[in-house]
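Keep in mind that what you see is a predicted model, and the values were worked out from it rather than measured. Just so we're on the same page: letters track the sequence lines, and every chain starts at 1.
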Amino acid sequence: MINITNEFPPRLSTLKPAPILPESERKGLTKKETAADHPTWCPGCGDFSVLALYFKLIEKRAIWHEKITTVAGIGCSSRFPYFVQGHGVHFIHGRALPFATGLSLTRPDLHVFVFGGDGDAFSIGGNHLTHAARKNIKMTYVIMDNQVYGLTKKQTSPTSPLGFKSKTDMWGAIDHPINPVKQLVSAGATFIARTTSTNPKHVLEMMEAAMDHDGFSVIQCLSECVEFFEGAFDSANPRKGGAFTEVPADHDKTDEFAAYKLAAEPFPGKFGIHYQVQRETKNKLEADITGKAREKFKGLEDWQILQRNFDRMK
Amino acid sequence: MSDSTVASASSVPQPKFSKISEAVIRIAGNSQDGIQAIGGFLARLAGRSEQEVMTFMTIPSTISGGASIFQVRIGTGEVLSSGDDADVLLAFYQESYRNHLSSLRKGGIVLFDSDHVEPDPSKSSEFHHVGVPITSLTVEAIGGTARDKGKNIYALGLIARMFDLNLAKLEKLISERFAGKDESVTKNALSAFHAGYAYNVSGLVETFQFTDSSKRAGHQVVMNGNEALAYGLIAAGVRFGAGYPITPWSDIMELLRRELPKYGGMFIQCEDEIASISMAIGASYSGRVAVTGSSGPGISLKTEALGWAVMAEIPLIVVDVQRGGPSTGMPTNVEQSDLNIACFGGHGDSPRVVIAPSNVEDCFYVAIEAVNIARKYSVPVVLVTDQAIATRIEAFEEPDLKKLCQDLAPDLSPVQEFKPYDLQAPDGITRHLAPGTRIASGKYPIVTGLEHDELGHPTSSPKLHQQMTDKRRNKLKALAAEWTTPKVYGPPEGDVLLVGWGSSQGPLREAVEKARAAGDSYSSLHIRLLNPLPNGLEDIFAGYNHVFVVELNDQGLYGYGQLAGILRARYCDPKIRGINKSDGLTWKVKEILQRVKEQLTTLKQKN
Ligand SMILES: Cc1ncc(C[n+]2csc(CCOP(=O)(O)OP(=O)(O)O)c2C)c(N)n1
Ligand code: SF4
Ligand SMILES: [Mg+2]
C-alpha cells in the first residue's frame, strides 16, 4: 500500500511567477500569438481557411490563450489543435464530442471548440453527435466536411455523394449520403449553420454566431480536399462558376420543418443559420440539480455530508 | 456454530440457550420475497452489535421471480468468508428446500414454511426439521394484507427468537427502514416481526446466544462493496463520473448520480461505454480526476480510450466490477477473468495501474489510493472488483472521514512555462496541467494520443518514441518501488503458499487457518497492486515448496489462470501453479483445501 496522501510538491516551484497583465490591459491575440505548428495539410486544402478564421475569431473576440480549449478527434481536419496556440486536445477517432462534454460540463469558464471531419462526425462518432445534440451541451462544433476520408486517403465517407468514386467504391458510391442538417435537426441540436471555407467572411460570421449561442452549436463547413475530392464544392464557389446563396431572409430559423425543407434543396443548398432555438443546456440543468442539492447541505463541509450517509449505515 | 453447548446460567424459566461464537444462516426463496431485506437486517444488526459479519447473495438475472439466496455469517470472532456450510437453512419453497439442503451442515437446522414445503422423510435423521406455517401465520398477523411482503419480516422474527437477537435494535432497524413510508407499512412490518418472534420456535428446536464480542471497538458501518467503493471515490475528492448501465456496475453509477450533486459534482449517464470513458477523460483533463466504470462487455468497449489516457498521461479511474464472461456471459455471477484486459487491454504498449480491493472495507480505501496514484503518476488506474465483493455486505470500523476526505480542486495559478511530457522529470513522472492555466511563455501544451515531443506535438522520431515509451513505463516502476511489499498471512516459510487477489482473500486465509490446524504448513499472500506488481515477491515465493495461485478464472490452455500467468512470466518460476474454477461461485474453504491436496498428490506421483 502506498502512503495515502494528497500532498504534492507545489507545482513548478522553481520557476518565477510570470508577470501577467490585468484583463483590461490585454489586447486580442494576434495571429502570431495564436499560431502554433505550421499546418501539415496539403497546399490548397480547404482546412487552412477554417484555421485562419478561427485565429480571426480569437483575435476579434479577445479570447485569451488559457480560455480557449480546442478539441478534435482523428482525421486531416482533426489535426487542428496542433496548429493553435492554446490548451489543446487531440483525442481518438469519433469521440471528441463526449470528451468535450466532460470538459464543458465541468469548466464553465472555458470556451470549448471542437473541430473534425465528416467521417469523425457522422460515421464513427454519429451516435455521440446525436446525444450531444439532444443534451444540448454548451460548445461549438465545426464539422469540416470534405465528403471523403482524407487522412486515410480516399475512402467513401458518410457524406460522399452517390456515384463518388473512391478506393472503397471504385464503381461509384451506392449508399445514400447523410444530410447533416436533417440529421442534426432531428437529433435536437439547437444551432445548425452551413458555410463553406471559400467564403471567409461568412465562415467568421457563422463562428461568431455559434460561439454566442448558449447551447450545442454546429457548423457544417464545406472544406475541400484538393487531394482526394477536387472540385467537390465548385458549385458553391462563385469564382469557380458556382453560386453561394444565403438562407433567405424570411426563413424562420425556429421552425424545424422549414429547416428540414431548406436542407432538402439540392447541393450545394443554402448557407447560413438553418435552425436556431433556445433550449436549456445540460450545463444549466445539471447546475440546477447541483445547486438544489448544495442548498440542502449549506454550511457543511464535504466530510460532514458524507458522515451523514455513514451515520445511516450504522 | 463452532462452540460447545453450554446451558444458559439464567435462572429464569426461559428456553435453554447454547452459547455460540458464530453462525451461518442461509435464506432461500424467490427474489421477490424480500430475502435481501432479511439478510440486510441481520448484517446491520451485527454491525450495531459490534460483531463481524459477511454475507453472500445471488440474484437471478431476470427481473422478477427466480430463485434467490442470501447467506449471512455472523460471528464474534474474525469472519473471513461467508461460510462453506450453513448452520441454519430457512426455506420458503419446495425448490428452495430441495436445492439448498445440501448446503446445510450435518445436524444443522432447516426451518421451512410448512405451507409450501413437504419435507423429505429420508433426510430427517441428517437435519433437524422445523416446520412453521410462515405464510398463513403472516396473513394472520397482518390481517391478510401485503401478504407476500410481510413473510420475510415474520421469518426475521423467528430467527431473532432462535438466536436471541437484540429485539429493541431490530425493531429500530425495521422502523428506520420503513421511515418515510406510510405509517401502516411500519406497523404491519412490526406486527409481522412480533408475531414471528412470539412463535414458540424455542419449544421446537435448540436456541442460541452469541458469546460476547470482545475485540471490536468503536462504531461499525455496514455496507456492500459497491457502496464502499462509491463513497471512497467521494471521499477521495472525485466529483465527476460518467457511465452506462450494466450489472453489477450500475449500483455504483446510480449511487454517484444521487450523491455527487451534494458535493457540487455530477454523474452523467451516457449513450454507451465509449462515450462514458471519453467524457470522464474530458472531465479529468479539466483538472479533477474523474471516474468511469463498467462490467463485462462494457470494459472491452473502453479499451481504446483507456490507451489514449495512458499515452496522453491523463489521470483517470476506471472501475471494473467483474462478472462471468466472455461476452454477455453470466451477468450476476462472480469471476476474476478480467485481469488480463485490466492490465493489458488495448493495442500497443500501454502501461496502466491495476489494483484490486480485497474486501468491502478495502473498497473504500482503495478508491482513495487509486485517485492519489492516478494524480501523482498521471496515469489511468483500473480498480478491479467483482460481483461477490460488490454485492456482499460487511461491517467495518467507521473511517475517519474528517481526516480522509480530500479536496481536489484544480490549481489554475499561472506558470512560466510547461511541458506536459518533460523528459527530464525524475522517474518520468510529469503532472497534468489543467486548461485555464495561463502560461506566460505563450507555449501551450497539447495532450494527444499521437506519439509526441515534450510539448505534445506529433513526432515520428524513433528516438522520441523510445524515450516516451521509457517514460510511461518508468513511472510505473517508480510506483512499484514505492508500494509496500504485501505481507504473508502465516509463517514466511513452509510447504505451500496460496496466492490470491480480489474477493478471495478471506477464503484463502481461512484455508490457511484450517490447514495449519490440521498440521499442514500453509501460508497465503494477497496481492492488491496487480500492475505493476510490487517488488519483493520473489523473496516471498522462495520460502515455500509450492506456490498455488487460486483464482476464479479458467485454467487456460496451459494449466494456470491469469494472475498465475503474469507471475510465471515475471518470475520464471515453474513452482507457481494454478488452482482455478469457473462455476460462477465464490471459493469454499474446503474446496480450496481439497484442490491443493489433489495437486500435491499429482505432483508427488510425478516425482
Ligand atoms: C478507431 C479508428 N478507426 C479508424 C481510424 C482510421 N482513420 C483515421 S481518420 C479516418 C477518417 C477520416 O475522415 P474524416 O473524419 O472525414 O476526416 P478528414 O481526414 O477527411 O478530415 C479514419 C478512418 C482510426 N484512427 N481510429
Ligand atoms: S488529404 Fe485532403 S483533407 Fe487531407 S490535408 Fe490533403 S487536401 Fe486536406
Ligand atoms: Mg472528411
Side-chain angles (χ1 to χ4, degrees), chain A residues 1-6 8 11-12 15-20 33 36-37 64-67 69 71 81-82 85-92 95 98-107 109-110 127-128 130-131 286 289-290 292-294 296-297 301-303 305-307 309-310 312-314, chain B residues 47-48 219-223 231 234-235 240 242 261-264 266 268 270-272 274-275 278-283 285-286 288 290 304-305 308 368-369 372-373 376 398 401-402 405-406 411 414-416 431 435-438 440 442 444-450 457-458 482-484 528:
Chain A
M1 199 184 303
I2 79 155
N3 191 11
I4 303 180
T5 164
N6 187 31
F8 293 99
R11 188 176 65 215
L12 305 172
L15 296 168
K16 279 191 222 92
I20 290 184
E33 291 166 301
D37 290 3
W64 314 128
H65 279 134
E66 69 272 21
K67 296 291 182 198
T69 355
V71 181
Y82 295 116
Q85 205 53 270
H87 292 280
V89 184
H90 191 218
F91 197 51
I92 54 177
R95 323 294 175 190
F99 183 105
T101 300
L103 177 59
S104 170
L105 290 175
T106 50
R107 293 295 298 277
D109 57 318
L110 303 174
N127 197 27
H128 306 312
T130 299
H131 290 272
E286 290 291 339
I289 293 177
T290 306
K292 266 198 208 120
R294 296 292 283 166
K296 276 198 202 135
F297 294 91
E301 295 205 39
D302 285 357
W303 74 267
I305 303 173
L306 191 53
Q307 187 65 54
N309 283 343
F310 275 58
R312 272 198 300 276
M313 293 187 291
K314 281 178 192 162
Chain B
R48 286 192 183 177
H219 284 299
Q220 293 205 96
V221 283
V222 180
M223 64 185 87
Y231 287 123
I234 291 175
F240 187 94
K262 298 180 186 169
Y263 305 86
M266 66 187 98
I268 308 298
C270 295
E271 56 271 29
D272 60 35
I274 302 176
S278 303
M279 205 176 283
I281 295 174
Y285 166 76
S286 88
R288 207 196 276 253
E304 187 199 0
W308 184 90
I368 303 174
E369 277 175 302
N372 291 338
I373 288 170
K376 179 166 180 187
E398 182 177 14
L401 296 178
K402 189 175 181 187
C405 281
Q406 311 185 146
D411 173 5
V415 296
Q416 180 62 39
R431 299 225 22 223
T437 310
R438 182 161 173 74
Y444 281 80
I446 303 287
V447 293
T448 171
L450 274 175
H457 287 264
E482 193 183 341
W483 190 273
T484 313
R528 293 168 78 243

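Within a 6.0 Å sphere centred on NZ of Lys314(A), heavy atoms belonging to other residues, nucleotides or ligands number more than 12.
The side-chain heavy atoms of Asp272(B) and His131(A), taken from C-beta on, include no pair separated by under 4.5 Å. Between Phe99(A) and Ile92(A) there is no side-chain heavy-atom pair separated by less than 4.5 Å. Between Trp483(B) and Glu369(B), some side-chain heavy-atom pair lies under the 4.5 Å cut-off.
No hydrogens or angles considered: a donor-acceptor pair under 3.5 Å links the side chains of Glu398(B) and Gln307(A).
Within the 4.5 angstrom heavy-atom criterion, only side-chain atoms of Phe297(A), from C-beta onward, approach chain B. For Phe240(B), the part lying under 4.5 angstrom from a heavy atom of chain A is the side chain only. Contacts of Ala235(B) with chain A are made by both backbone and side-chain atoms, with heavy-atom separations under 4.5 Å. Heavy-atom distances place the side chain of Thr69(A), and not its backbone, under 4.5 Å from chain B. For chain B, the nearby parts of Ile289(A) are the backbone and the side chain; heavy atoms of each come within less than 4.5 Å.
Contact tally against chain A (heavy-atom pairs below 4.5 Å) for Ala290(B), Gly264(B), Ala280(B): the top residue is Gly264(B). For the set Arg288(B), Lys262(B), Met266(B), the count of heavy-atom pairs under 4.5 angstrom toward chain A peaks at Lys262(B). Among the candidates His90(A), His87(A), Gln85(A), the residue making the largest number of heavy-atom pairs closer than 4.5 Å to chain B is His87(A). Of the listed residues (Thr101(A), Leu110(A), Asp37(A), Val71(A)), the one with the most heavy-atom contacts under 4.5 Å to chain B is Asp37(A). Most heavy-atom pairs under 4.5 Å with chain A: of the set Gly449(B), Ala283(B), Ala305(B), Cys405(B), this distinction falls to Ala283(B).
The aromatic rings of Tyr444(B) and His65(A) are tilted relative to each other, their planes meeting at an angle between 30° and 60°. Below 30°, between 30° and 60°, or above 60°: for His457(B) and Tyr82(A) the angle between ring planes is between 30° and 60°, a tilted geometry.
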